[in-house]
J.: 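I am attaching a structure below and will ask some questions about it afterwards.
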Amino acid sequence: MWEIYESKYSELLDKGLLRSQRIIESAQLTKSVVDHQDILMFSSSNYLSISELPTLWDKAIEVSKTYGAGACGSRLTTGNTALHVELEARLAKMTGYESTLLFSSGYMANIGIFSALVTPDTLVFSDEKNHASIIDGLRMSRAQVTVYPHMNLEALETMVGDARRNGHKGPIILVSDYVFSMDGDVLLLEDFVKVGKRWEAITVIDDAHGFGITNMPYTPRPDILMGCLSKAIGSEGAFVASSQLIIHLLQNLGRSYMFSTSCSPFSIAFALSALDYIQEHPELIERLQHNQQYLVQRLASIGFAVQNSSHIVPIPMGSATRAVAMAEKLWEDGIWTTPIRYPAVPEGEAILRITLMAGHTEEQIDELVHSLQRNTEKTL
Ligand SMILES: *Cc1c(COP(=O)(O)O)cnc(C)c1O
């Protein structure tokens, strides 16, 4: 009965694809305690270093006390607290959209968007490096999907144009990550939105990694925007921003919205405080950008030409085994980076993924670079 699963497991093991989970025993600081050791953190999505701030915690605890720990219902039943409604209004104002809707996670927001909006005659064009949650949302919606080459907007333009020229009258949806989650590439939003306008296609942008860091409000505005509260905002959950019409539909047809308990009042209160804090402290974003420039410059000086343009920095490693070996060597030096391998990236294109935080110092970045340099030959 279990042989099939035993062989699946062995296959993962043999290919070096078996994942293990480390145990975090502190807040996600640049210096964290992980598996009983002090480590230098280069793997967290706490980009603005605010998830652990006591002032934000205290305020969120105070504000959410009234409501208890859990939301105890979906938004359509008893899970719709005044805090959820306040945060939605706040997000609409910040992003420049008519309306927004909270989901319990970014994964669920993407499932909800496509399950609500795809009709039998909808065509979807999706970037080949889009996040797994977009891919899964499209699969569940049974959409007719065409995958286009990564960030190649000329190819996209041709494909969408061909569909219209061939007489497709139904809805067309174009979907892309804004900051790509593995490589850290940033989409040319303006050109993407232009393609949508030219061919009367609906543009959907997943800004999981940029929300909170991207300048607000979004210009130009994609028709539908998804942003996460679980990354730069340091809390959990996500939201979709769009017209009132689309938000009404998501509320009534988005199955991952309808059939799941909403985020805890604490998470929502924390997100509200965090949004205030980010607006009052623009230097956080400046520090993150400085760290990015500094790291890329230092990597270039030791021969790693990184083609990146965000706080997610991918170092190309080739094979999955090499990526894993490098991450292990760095770990021995007390540094946590993440090897990214198939199926998150295509086979043979494994990377070492570094994520920066506003709280990193130049000395900490130097420590990472020195360790990479020392271990490069050992892992070839
Ligand atoms: C992390 C991520 C998500 C999922 O968000 P969660 O809140 O973690 O579920 C969706 N899209 C992209 C691009 C992401 O990186």
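When a ligand or atom number is given, it counts from 1 through the structure's own listing order.
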J.: Tell me, which protein residue and heavy-atom name are nearest atom 9 (O) of ligand 1, and how many Å apart are they?
T.: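 Nearest neighbour among protein heavy atoms for atom 9 (O) of ligand 1, to 0.1 Å: Y107 N, 2.9 Å.
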J.: Can we call the ring centroids of Y257 and F103 under 6.0 Å apart?
T.: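 Yes, they do, as the ring centres are separated by less than 6.0 Å.
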J.: Just need the protein heavy atom nearest to atom 2 (C) of ligand 1, so name the residue and atom and give the distance.
T.: K231 NZ, 2.4 Å
J.: Run the ring-centre check on H360 versus Y294 and record whether the distance is less than 6.0 Å.
T.: no
J.: Does any N or O of ligand 1 fall below 3.5 Å from an N or O anywhere on G106, backbone included?
T.: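 G106 vs ligand 1: N/O contact under 3.5 Å present.
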J.: Among protein heavy atoms, which sits nearest to atom 8 (O) of ligand 1, and what does the distance come to when rounded to 0.1 Å?
T.: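 For this ligand atom, the closest protein heavy atom is S230 OG, 3.9 Å.
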J.: Looking only at protein heavy atoms, identify the closest one to atom 15 (O) of ligand 1 and say how far it is in Å.
T.: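 Heavy-atom neighbour on the protein nearest atom 15 (O) of ligand 1: H209 NE2, 2.5 Å.
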J.: Does at least one non-hydrogen atom of S133 fall below 4.0 angstrom from an atom of ligand 1?
T.: yes
J.: Honestly curious: do L91 and L101 fall in one hydrophobic cluster under the side-chain, below-4.5 Å linking rule?
T.: no
J.: Check the angle between the aromatic planes of H209 and Y47 and answer parallel, tilted or perpendicular using the 30° and 60° thresholds.
T.: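 Taking Y47 first and then H209, their aromatic rings sit tilted (interplane angle of 30° to 60°).
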J.: Heavy atom under 4.0 Å from ligand 1: found in M108's side chain, backbone, both, or neither?
T.: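 None of M108 does.
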J.: Identify, for atom 11 (N) of ligand 1, the protein heavy atom at the shortest distance, and state residue, atom and that distance.
T.: D206 OD2, 2.6 Å
